[in-house]
There are 2 protein chains.
Amino acid sequence: MKATRNTTAKTAVLEVFEKSKTALSHTEIQKQLNDVCDRVTIYRILDRLVNDDIIHKISNLDGTVKYAKCNHSHQRVHIHNHAHFSCENCHEITCLESVKPSYIMPHNYKVNEINFTLSGLCPKCLNSNI
Amino acid sequence: MKATRNTTAKTAVLEVFEKSKTALSHTEIQKQLNDVCDRVTIYRILDRLVNDDIIHKISNLDGTVKYAKCNHSHQRVHIHNHAHFSCENCHEITCLESVKPSYIMPHNYKVNEINFTLSGLCPKCLNSNI
DNA sequence: AAAATTAACGCAACAATGTTGCAATTGATT
DNA sequence: AATCAATTGCAACATTGTTGCGTTAATTTT
Ligand SMILES: [Mn+2]
Ligand SMILES: [Mn+2]
Ligand SMILES: [Zn+2]
Ligand SMILES: [Zn+2]
């Protein structure tokens, strides 16, 4: 394992995650950063953070890709075998850290990772929509 | 509901799905079609087929988007609340129609759709990899 | 069978997202 | 302070998906 450096850009990206309660796309992060760094740099920082298990990547049904830093991330390893919720109305994506699916696999498969995303209406949008 | 027409391009796309045991990306379909139609047309056909519940869209963790026609599609409505498996080695994506996750949601969420993708090694790659 | 209707198409142009190579910069180490 | 490699900026490119519009062709109507 190589030494990952604490650069100003990386710190700025982490602060954005800290402030956000929902998952963020590359574009959303870029907007909040106000030209702290190039957009290529953001891609590279995200790659590094995913690799270091500090954030995780969430790929949505509509094709959008988002990243999130979970609450349990003070632990040594960032486990993300939990569900994510994608609101069809406000398009916010949140970690549902308590929701862990149970399932039975056929033989001869080796499962390394799971991605469980539910979509529908989040509590906020459910209330405001009658 | 509008009338969906049976064009030669749509028939050709459906034949490609019929022949394939795994999910296919837009690019993979285009290659098999040998200039039967424009690539934009393929996008529009896929949209229509998804809309008519004949195929379904699978969005993978690595960002790739694939489409599949399930075996149970002879039924009136194509239900796809089952799991999909994405092989990290051969990158094939298959429907696991028997795998249906059970889970408990917090209150105040309305779930309309689920996307459950497992990744790892498929039986084929598991055997050939010692 | 011919005419009418409009879904579907081709093409060109555009937009969004992500990747790569390379020289310059900068964080960490000695 | 000098060193070294991780990180960055920039430019260029690749891939994927979208849109507008005039034309084509599948289906319905006459
Ligand atoms: Mn997590
Ligand atoms: Mn299905
Ligand atoms: Zn919402
Ligand atoms: Zn495989």
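The chains referred to below are lettered A, B, ... by the order of the sequence lines, with proteins before strands, and numbering in each begins at 1. What you see below is based on every heavy atom in this structure, not just the backbone, and it leaves out hydrogens, waters and symmetry mates.
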Nearest whole angstrom, please: distance from the [atom2] of [N] to the [atom1] of [X].
X	N	atom1	atom2	result
A:I45	C:dG18	CD1	P	15 Å
A:H26	D:dT15	NE2	P	19 Å
A:I42	D:dT8	CD1	P	10 Å
A:D47	D:dT8	CG	P	12 Å
B:L46	D:dG17	CG	P	9 Å
A:D38	D:dA12	CG	P	13 Å
B:N51	C:dA7	CG	C1'	14 Å
A:Q30	C:dT17	CD	C1'	11 Å

When you measure from the side chain of [X], which nucleotide among [options] comes out closest?
X	options	result
B:R5	D:dA26, C:dC9, D:dT18	D:dA26
B:N6	D:dA5, D:dG17, D:dT27	D:dT27
B:Y43	D:dT18, C:dG18, C:dC9	D:dT18

Side chain B:H84, main chain B:N60, donor-acceptor under 3.5 Å: no

Side-chain N,O (B:T27) to OP1/OP2 (D:dT15) below 4.0 Å: no

Distance test, side-chain N/O of B:T7 to OP1/OP2 of C:dA7, below 4.0 Å: no

Touch class at under 4.0 angstrom, heavy-atom based, for B:V65 against every strand present: sugar-phosphate

Sugar-phosphate, base or nothing in reach of B:R39, heavy atoms under 4.0 Å: base

5′-ward residue of the pair B:G63/B:R44 relative to DNA chain D: B:G63

Distance, nearest 0.5 Å, that separates CG of B:L14 from CD1 of B:I55: 8.0 Å

Between OG on residue B:S86 and CD1 on residue B:I58, distance to nearest 0.5 Å: 9.5 Å

B:T4-B:D52 side chain donor-acceptor pair, cut-off 3.5 Å: yes

Minimum heavy-atom distance B:E28-B:A23, with the two atoms named: OE1-O, 3.9 Å

